[in-house]
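These notes concern the structure reproduced below.
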Amino acid sequence: MPKTRVGVFVCHCGNNIAGVVRVPEVVEYARGLPNVVHVEDNLYACSEEGLSAIKEQIAEQNLNRVVVASCTPRTHEPLFKAACEEAGLNKYLFEFVNIREHCSWIHMHDPARATEKAKELVKMGVAKACYLEPQEELESEVFPAALVIGGGVAGMTAALNLGRQGIQVHLVEREQELGGLVRNVRTLFPTEQDTEELLEPLVEQLKSHPQITTYLGGEVENVDGFIGDFDVTIATDRQTKELKVGTVIVATGAHELKPTGFYGYSRLPNVVTQLEFEERFKQEGADIPRNVVMINCVGARIPERTYCGRFCCTTAIKNAIWLKEQDPEANVYVLQRDVMAYGVDIEKFYRRSMELGVRFVRYDIENPPQIMGEERAEAVKAYHQLMGREVVLPADLVVLTTPLVPREDNERLSKMLKVPLGSEGFFLEAHVKLRPIEFATDGVYVCGSARYPSNIPESVSQAYAAAAKAAIPIRDGLVRVQAITAFCDEGTCTACGNCVQVCPFGAIELQEGRFGTTARVNVAQCKGCGCCVAACPSGALQQRGFDDRQLFSMICALAEEMTSGFGG
Ligand SMILES: Cc1cc2nc3c(=O)[nH]c(=O)nc-3n(C[C@H](O)[C@H](O)[C@H](O)COP(=O)(O)OP(=O)(O)OC[C@H]3O[C@@H](n4cnc5c(N)ncnc54)[C@H](O)[C@@H]3O)c2cc1C
């Protein structure tokens with residue numbers, strides 16, 4: 001066995017770490033740790049210069065373990081691991097210590113304790129590094145086809161983008177027509193373009209594309225498998241079809257909240273939602289009402305549904321402008337709690353509505369507008385915050401602006417695909433900033449209003465992003481699974497099944513083998529979350545890179561510090 005030779009690299013992260021943590025002290029401390037043969041500090045360990053220093057020292061000092069103490073592993077660990085690999089060191093012999101978030105940021109007012117904590121973390125990192133073992137990553141083939149669920153603007157855009165890359169696409173749409181919600185929308189904000197001008201070319205291109213098969217009236221009945229190798233069952237009115245695909249895009253959108261119980265909706269015939277307004281005036285020849293009152297934030301930003309619908313204010317502005325364009329004498333009021341008109345074009349659009357004479361009146365949630373009239377809405381009474389008194393606005397039509405809400409069957413689909421939903425019931429991305437169209441489950445992506453209420457430009461850009469992501473494994477032909485997966489010592493396993501229950505990725509099964517029934521981990525599905533390891537009462541389940549020896553060595557290192565009176 002070659003002697004363990006650890007190199008420690010401590011990063012200043014400019015002033016981000018070094019502004020609080022006394023880096024030279026940490027460096028001196030690390031020099032005295034067991035098996036450490038080289039320590040240095042870098043202004044930016046992630047810079048070209050910093051990465052070259054790591055590579056050079058691996059060669060010069062014959063390092064066989066590397067510890068970097070710097071910022072977040074989320075963005076930087078792959079970079080340091082790649083540097084190790086380039087220098088010929090297996091990347092699983094690298095250990096990351098986060099002394100920015102865990103020290104300089106969280107203890108920014110206490111440099112002494114931040115420095116002591118950085119030393120402890122480095123000691124724990126070095127202790128663990130000594131027990132690291134080289135690992136091999138599993139490679140599996142990717143079936144060269146993609147499944148897109150949902151044929152709205154987002155799903156169609158994603159499917160076309162994949163098709164244009166030469167990838168075979170199966171697009172499943174539940175309805176008999178493509179287009180989603182937009183099919184019922186009259187014109188589009190802020191350009192006032194006719195929706196047909198957007199939808200028709202999309203649908204035409206999709207239908208005539210040789211790489212794309214569309215299943216109208218279709219439902220995804222079942223999905224099994226993992227990235228590269230999903231088995232999918234699709235049922236339409238006429239057939240049930242079994243497919244194999246490598247990646248999946250969820251583009252199932254959302255639907256408009258129908259606000260039964262609010263403001264006489266569904267009881268009074270002239271109280272409608274914005275979508276119903278759009279549908280009504282999409283027909284030629286519908287009578288234009290003279291007095292229209294719109295009420296925004298109906299069913300949104302309330303305790304039961306705290307989120308903002310994001311583009312519903314713009315929809316109200318669009319429809320208010322249209323009314324004024326049809327009849328400049330029309331009285332159009334928008335009762336609002338705040339106007340969300342983000343982006344330069346939408347802000348201009350908002351200003352234009354005011355120039356045309358649309359009146360915006362702010363109401364308070366504690367004192368909401370009231371509908372007057374028994375058989376139909378005749379007027380709306382509202383407390384005008386600026387005027388400090390009640391106003392009565394005559395109404396031939398009341399339009400309620402409601403947010404998009406998640407589809408009822410999101411839960412069923414989320415279980416089938418083993419991806420999570422957020423607290424509101426929309427599909428939840430892996431990370432809102434770093435992985436906005438991915439799920440933690442590899443090979444499954446999301447775009448459009450399935451993720452959160454999104455307007456068309458947002459849905460389209462997300463669709464391009466999702467298609468690009470879904471195409472990568474297909475074009476590579478292979479996926480590599482990070483070797484931080486769980487494994488089962490079958491001789492110790494008692495087949496209690498706890499691991500099967502807790503695995504969020506469905507990666508573990510009980511199977512018959514040499515030792516009778518035992519747990520078996522499907523490495524391609526395992527994400528290395530460690531739930532099964534924690535739940536295993538017999539210690540049979542372990543995780544590569546986080547096994548008992550490695551973790552206990554860290555705990556012992558910390559305990560040693562604490563009992564020697566330092567730390568604590
Ligand atoms: C009243 C109103 C007016 C609007 N006006 C504008 C505007 O002027 N400009 C603008 O930019 N945006 C506007 N929008 C927003 C626009 O509708 C959305 O941006 C767009 O619909 C998002 O597209 P999507 O594909 O994500 O979802 P959707 O349009 O909801 O499409 C999803 C599709 O998936 C299908 N589906 C759902 N579940 C399944 C399943 N399990 N299996 C198979 N298929 C499934 C659905 O049938 C649907 O066809 C408006 C929205 C509303 C409500």
Side-chain angles (χ1 to χ4, degrees), residues 147-159 170-195 198-199 202-203 214-223 232 234-236 248-258 272-282 294 296 300 309-319 321-322 342-343 345-346 349 399-414 416-417 426-427 437 446-463 466:
L147 169 72
V148 178
I149 313 173
V153 170
M156 288 195 290
T157 307
H170 302 280
L171 173 67
V172 183
E173 166 54 51
R174 163 181 293 165
E175 303 287 334
Q176 293 298 341
E177 261 183 276
L178 292 165
L181 264 185
V182 177
R183 250 187 315 125
N184 301 321
V185 172
R186 197 178 32 80
T187 55
L188 303 176
F189 57 71
T191 55
E192 297 181 76
Q193 180 196 18
D194 197 311
T195 40
L198 170 85
L199 286 183
L202 265 180
V203 173
T214 306
Y215 303 85
L216 292 179
E219 282 284 345
V220 177
E221 294 265 286
N222 194 36
V223 179
V232 181
I234 295 173
T236 66
V248 179
I249 295 180
V250 179
T252 48
H255 61 81
E256 188 197 42
L257 173 74
K258 298 297 175 200
V272 299
T273 64
Q274 290 289 355
L275 194 57
E276 288 158 0
F277 176 97
E278 303 249 6
E279 283 163 341
R280 180 183 297 192
F281 294 107
K282 209 172 169 163
M294 299 188 178
N296 283 7
R310 298 184 68 247
F311 60 77
C312 359
C313 287
T314 323
T315 302
I317 294 170
K318 171 182 75 176
N319 289 334
I321 289 180
W322 181 79
Y342 56 96
D345 290 340
I346 306 284
F349 201 52
V399 189
L400 306 180
T401 313
T402 60
L404 290 191
V405 288
R407 293 196 185 271
E408 292 77 17
D409 63 339
N410 278 3
E411 193 159 339
R412 186 184 75 93
L413 200 56
S414 86
M416 208 189 288
L417 294 166
F426 292 102
F427 285 92
I437 47 87
V446 62
C447 57
S449 288
R451 177 178 163 258
Y452 207 67
S454 308
N455 63 26
I456 295 170
E458 289 163 346
S459 302
V460 167
S461 48
Q462 290 168 27

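Numbering of ligands and ligand atoms starts at 1, following listing order.
- Remark: Val272 engages Glu276, Phe277, Arg280, Leu397, Val399 in a side chain to side chain contact (heavy atoms under 4.5 Å, CB included) (not counting sequence neighbours).
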Pair Gln274, Thr315 - check side chain to side chain donor-acceptor pair (under 3.5 Å), show working. CA-CA 7 Å; Gln274 290 289 355; Thr315 302; over 6 Å; no

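- For Ile234, the side chain to side chain contact (heavy atoms under 4.5 Å, CB included) partners at least two apart in sequence or on another chain are Leu147, Val172, Tyr215, Val232, Thr236, Leu243.
- Remark: Glu411 CD is loosely packed, at most 12 non-hydrogen atoms of other residues, nucleotides or ligands lying under 6.0 Å away.
- Here Leu216 contributes atom CG and Arg174 contributes atom CZ; the two are 13.5 Å apart, rounded to the nearest 0.5 Å.
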Please produce the table of protein N or O atoms sitting under 3.5 Å from N or O atoms belonging to ligand 1, one pair a line, distance to 0.1 Å.
| from | atom 1 | to | atom 2 | distance (Å) |
| --- | --- | --- | --- | --- |
| ligand 1 | 5 (N) | Lys318 | NZ | 3.1 |
| ligand 1 | 8 (O) | Phe189 | N | 2.8 |
| ligand 1 | 8 (O) | Lys318 | NZ | 2.8 |
| ligand 1 | 11 (O) | Ile456 | N | 2.8 |
| ligand 1 | 19 (O) | Ser454 | O | 2.5 |
| ligand 1 | 19 (O) | Asn455 | O | 3.4 |
| ligand 1 | 19 (O) | Ile456 | N | 3.3 |
| ligand 1 | 25 (O) | Val153 | N | 3.2 |
| ligand 1 | 25 (O) | Ala154 | N | 3.0 |
| ligand 1 | 26 (O) | Ser449 | N | 2.9 |
| ligand 1 | 29 (O) | Leu181 | N | 2.9 |
| ligand 1 | 30 (O) | Ala254 | N | 3.4 |
| ligand 1 | 30 (O) | Ala254 | O | 3.4 |
| ligand 1 | 30 (O) | Arg407 | NH2 | 3.1 |
| ligand 1 | 41 (N) | Arg174 | NH2 | 3.1 |
| ligand 1 | 44 (N) | Arg174 | N | 3.1 |
| ligand 1 | 47 (O) | Glu173 | OE2 | 2.6 |
| ligand 1 | 49 (O) | Glu173 | OE1 | 2.6 |
| ligand 1 | 49 (O) | Glu173 | OE2 | 3.1 |

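- Phe426 meets the ring pair (Phe, Tyr, Trp, His ring centres under 6.0 Å) test with Tyr307, Tyr452; sequence neighbours excluded.
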